[in-house]
Amino acid sequence: MAQKPSIPKGTRDFSPEEMVKRNYIFDAIRQVFQHYGYLPIETPAMENLSTLMGKYGEEGDKLIFKILNSGNYFSEFKKDEELLETKKQGEKVFTKYISEKALKYDLTVPFARYVVQHQNEITFPFKRYQIQPVWRADRPQKGRYREFYQCDADVIGSNSLINEVELIQMIDDVFNRLNIPVIIKINNRKILSGIAEAIGEAHRIIDITVAIDKLDKIGIEGVNNELRENGISKEAIEQLQPLITFQGTTIEKIIFLKQLLSDSAIGLKGIEEVEYIFRTVSMIANIESEIELDISLARGLNYYTGAIFEVKANAGTLSSSICGGGRYDDLTGIFGLPNMSGVGISFGADRIYDVMNELNLFPTAITASTKLLFVTFGETEQNYCLPLLKKIRKAGINAEIYPDAGTKMKKQMSYADNKKIPFVVIIGSDEMQSGMLTLKNMVSGEQEKITIDYLIEKLK
RNA sequence: GUGGCCAUAGUUCAGUUGGUUAGAAUAUCGGUUUGUGGUACCGAGGGUCGUGGGUUCGAGCCCCAUUGGCCACCCCA
C-alpha cells in the first residue's frame, strides 16, 4: 500500500504560480543589489558544525539543524562504558561524536568564513550579495519557516558609515519597488552598551536589551518584570525608566541620550554614529520609507557591534520583521582574520511574500508565461506548425504546441485556458491550404485570420 | 523547550444525544459537442474518518496514548 507522502514540518512545496511570484521578489532584490555594486556569491547548504556553533548565542545553537555523520559513529567508542560516559556529559558533548556538519543558519557567518578563506583573492572593501535558503530547527508558526530564503547584502572591510546609509537606501529601494509600505527602525549597539554602562550593569547588556526589545509587546511593566527576574538591580531598573518611556522626535531622542550617556565614551560614540546616519539619510531627498530611531531595538544576534536595522511592514497582519541587519566588527576574527569590520542587511523573502500576498501587491501581469499555444488536429498539422513555432520563438515570443497530436480541441483549449495563455493559433486543413493562421484571443474570444509575420508583429 | 486549538476525498468543509452502505462543493477524468476554452447539463474515479489502544451490542462522534498541522511564548528573516 502506498504511503501518504508528506514533507518535513516547516518546509513547503512551491507551485508554478507561487514560484513566479517568488521570482518577482528575488528579481527586485537582486536588481537593487546590483545597482549598488554588490556581486553574487554562493556557499554550500552545509557548513562544518564548528563554523556555526557559538555564533548565534545559546538559543541559536539549539536551532541549528545538525547533520548525522555517515558511517558507524559508534566506532569512536571502544567499550559500551565509554558511550555511557559520553552520554552523561550531555547532548552538547555527545553531538560532537555523531555530527560534524550542519545546514547553514544564516548567510552572514558562512560569508565571514568565505572572506577569511578567500582573503587573498578578494579586493576590499568587498561588497557581496547572496540569495540562498537557510534552515532553522524552530517551531513553525505564522511567518516562520524551517527552510526559508535570505537575501543578504554585506560590505566587509570598510568602516565608513556611508555603507550604512547606502544599505538604508537599498532597503527603501526594494520596498518601493515591491510597493510595500515599511518602517525602518535603526539603533546602535554602542548606545545600548552605553546605557548598560550608565546604569552600572555593563556586563548584563544582552539581558537588558532583550528585555527592552519587548517593550511594544509586553509594555513597561512586563519589561520591568523581566529585568527583575533576570536579576538586574532595583537601582538600575529605576535609572532605566526615563529612557524606556522617552517619547520624541529623532533629534529629541539624540539630545536626551547625549545627556544621559555623557559619561559613557562608547555610548557617545554610538550616538555620534546614529546622528551621522540620520543626517546623511535626510540629505538624500527621495527616501520614502518611514525611518525611526528606536532605542528599544536590540536584535538577538550577538555579533552586532554598531548599527542595527530592522524593517517591518506598515500594513497587513505580519508583525515580525521582514528585513534586518547591522554592523559586526569582528565576525572574521573567530576564523583568524581580525580587524575586519562588516555591515549588512538581510531580506526575508518568504515573509515579504506573505505580506505581499495578503495585501494583494503582486501585479497580475506576471502570472502569464506562455503567450501563444498552437492547437492542432493531428500529426500532419503538428508537423506543419513546428517551423512556425521555431520562427515565433526566435522572435522572442514564449510559445508552445500541444504535444499530443489528435487530442480533442476542447481539451487543448482548456489547457490554454487553465494555463492562462492569452493567444491560441488553430491549425487545421483550411489554414494549411490558405497559408493563413487562425489566431484566437482567449480573453475577448475574438478570432482572425492572419499571416505569420503579422502575428509576430502583433505579439512582440 | 513551554502552552492553546485542530485532524473526515487532491483541496475546503458537512456529518443529528453514539445507530445500517460516510456526504457536499471544488478540482481531476469522461460525455452532451470529431473546428473552439472560460458558462450549462449528465456521469465516473477518488476515503482503513491521522495512527494505535480502550468503553459499547454498535464509534467519524466518547476516553487514553501517539503522530502531524496551525497559533502563541522563547527567539528570529
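Throughout, a chain's letter reflects where its sequence line sits, starting with A, and its residues are numbered from 1.
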### Query
With no angle test and no hydrogens, is the base of B:U33 tied to the side chain of A:K410 by a donor-acceptor pair under 3.5 Å?
no
### Task
Figure out the CE/P separation between A:M409 and B:U36, and round it to whole Å.
6 Å
### Query
Which part of the nucleic acid, if any, lies within contact of A:I426, taking any heavy atom under 4.0 Å across all strands shown: a base, the sugar-phosphate backbone alone, or nothing?
base
### Summary
Base-pair string, RNA chain B, Watson-Crick plus G-U, cut-off 3.5 Å on both distances, | for inter-strand, is (((((((..((((.....[...)))).(((((.......))))).....(((((..]....))))))))))))....
### Neighbour count >12 (heavy atoms, 6.0 Å) for atom CD, A:E457
no
#### Entry: Beyond-backbone contact of A:F148 with A:Y353, side-chain heavy atoms, under 4.5 angstrom
no
### Message
Would you say that A:D106 contacts A:F111 through its side chain, given a criterion of any heavy-atom pair below 4.5 Å between the two side chains?
### Response
no
### Task
Take atom C1' in B:C5 and the same atom in B:A44, then report the distance between them in whole Å.
38 Å
#### Entry: Pairwise C1' distance for B:U12 and B:G69, with rounding to whole Å
16 Å
### Summary
Picking from B:G35, B:A77, B:C75, the nucleotide nearest the side-chain atoms of A:T438 would be B:G35
### Task
For A:T407, answer base if it contacts any base atom (sugar-phosphate contacts may also be present), sugar-phosphate if it contacts only those atoms, and nothing otherwise; contact means non-hydrogen atoms under 4.0 Å.
nothing
### Query
OP1 or OP2 of B:U28 sitting under 4.0 Å from any side-chain N/O of A:N418?
yes
### Query
More than 12 foreign heavy atoms under 6.0 Å from OH of A:Y454: is that the case here?
no
### Query
With rounding to whole Å, what would you report as the distance between B:U21 and B:U26 at their P atoms?
28 Å
### Message
Can you check the distance between B:C61 and B:A22, where both ends of the measurement are the P atom (answer in whole Å)?
### Response
14 Å
### Message
With a sphere of 6.0 Å drawn around CE of A:M409, does it hold more than 12 non-hydrogen atoms of other residues, nucleotides or ligands?
### Response
yes
### Message
If you compare all heavy atoms of A:F33 against all heavy atoms of A:A153, which two are closest, and at what distance to 0.1 Å?
### Response
CE2-CB, 3.6 Å
### Query
Could you give the CG-to-P distance, from A:N441 to B:U36, as a whole number of Å?
18 Å
### Query
Is the ring of A:F148 stacked on the base of B:A77, with centres less than 5.5 Å apart and planes under 30° off?
yes
Filtered N/O pairs between nucleotides 68-71 of chain B and protein, under 3.5 Å:
| residue | atom | partner | partner atom | Å |
| --- | --- | --- | --- | --- |
| B:G69 | OP1 | A:K9 | N | 3.2 |
| B:G69 | OP2 | A:K9 | NZ | 3.0 |
| B:C71 | OP1 | A:K142 | N | 3.4 |
| B:C71 | OP2 | A:Q141 | O | 3.4 |
| B:C71 | OP2 | A:K142 | N | 2.8 |

### Query
Once the angle between the rings of A:Y24 and A:F362 is folded into 0 to 90°, is it parallel (under 30°), tilted (30 to 60°) or perpendicular (over 60°)?
perpendicular
#### Entry: Parallel, tilted or perpendicular: rings of A:Y56 and A:Y303 (30°, 60°)
perpendicular
### Message
Strictly below 4.0 Å, N to O, side chains only: are A:D453 and A:K391 in salt-bridge contact?
### Response
yes
### Task
Mind calculating the distance between CD (A:E147) and C1' (B:C76) to the nearest angstrom?
17 Å
### Query
Taking atom P of B:C75 as reference, at what distance in whole Å does atom CG of A:D213 sit?
8 Å
### Message
What's A:Y145 touching, base or sugar-phosphate or nothing? Going by heavy atoms closer than 4.0 Å.
### Response
base
### Task
Report the nucleotide, chosen from B:G38, B:U32, B:A77, that has the shortest atom-to-atom distance to any side-chain atom of A:R136.
B:A77
### Message
Less than 4.0 angstrom between a side-chain N/O of A:K214 and OP1 or OP2 of B:C74, yes or no?
### Response
yes
### Query
Is it true that atom NZ of A:K449 has more than 12 heavy atoms of other residues, nucleotides or ligands lying nearer than 6.0 Å?
yes
### Message
Using a heavy-atom cut-off of 4.0 Å across all strands, would you classify A:V443 as base, sugar-phosphate, or nothing?
### Response
base
#### Entry: Per A:K411 side chain, nearest of listed nucleotides B:A77, B:C29, B:G37
B:C29
### Message
In whole Å, measure the gap between the P atoms of B:A65 and B:A27 for me.
### Response
41 Å
### Query
Rounding to a whole Å, what distance do you find between A:L373:CG and B:G38:P?
15 Å
### Message
By the 4.0 Å heavy-atom rule, please label A:F377 as base, sugar-phosphate, or nothing.
### Response
base
### Query
B:G1 C1' sits how many Å from A:L63 CG, rounded?
10 Å
### Task
Scan A:E431 against the nucleic acid and name what it touches under 4.0 Å (heavy atoms): base, sugar-phosphate only, or nothing.
base
#### Entry: Interface with RNA chain B, restricted to residues 445-460 of chain A and to heavy atoms under 4.0 Å
A:G445, A:Q447
### Query
For atom P, what is the distance between B:C62 and B:A7, given to the nearest Å?
10 Å
### Query
P atom, B:G60 versus B:G1: distance in rounded Å?
34 Å
### Task
Can you tell me, in whole Å, how much space there is between the C1' of B:G46 and that of B:U11?
13 Å
#### Entry: For atom CG of A:L439 and atom P of B:G35, their distance in whole Å
20 Å
### Query
Taking A:E358 for the side chain and A:T317 for the main chain, is one N or O donor matched with an acceptor at less than 3.5 Å?
yes
### Salt-bridge present (A:K55, A:E47; N to O < 4.0 Å)
no
### Task
Return the nearest nucleotide to the side chain of A:S429; candidates are B:C74, B:G35, B:A77.
B:G35
### Task
Using whole Å, report how far CG of A:L297 lies from C1' of B:C75.
15 Å
### Near-ring test A:F347/A:F175, centroid separation under 6.0 angstrom
yes
### Summary
Residue pair A:S444/A:C323 against RNA chain B: nearer the 5' end by closest nucleotide is A:S444
### Straight-line distance of A:T250 OG1 to A:E292 CD, nearest 0.5 Å
7.5 Å
### Query
When only distance counts, do a donor and an acceptor, one from the side chain of A:D417 and one from the base of B:G38, lie under 3.5 Å apart?
no
### Query
Is any side-chain N of the basic residue among A:E400 and A:K419 closer than 4.0 Å to the acidic one's carboxylate O?
yes
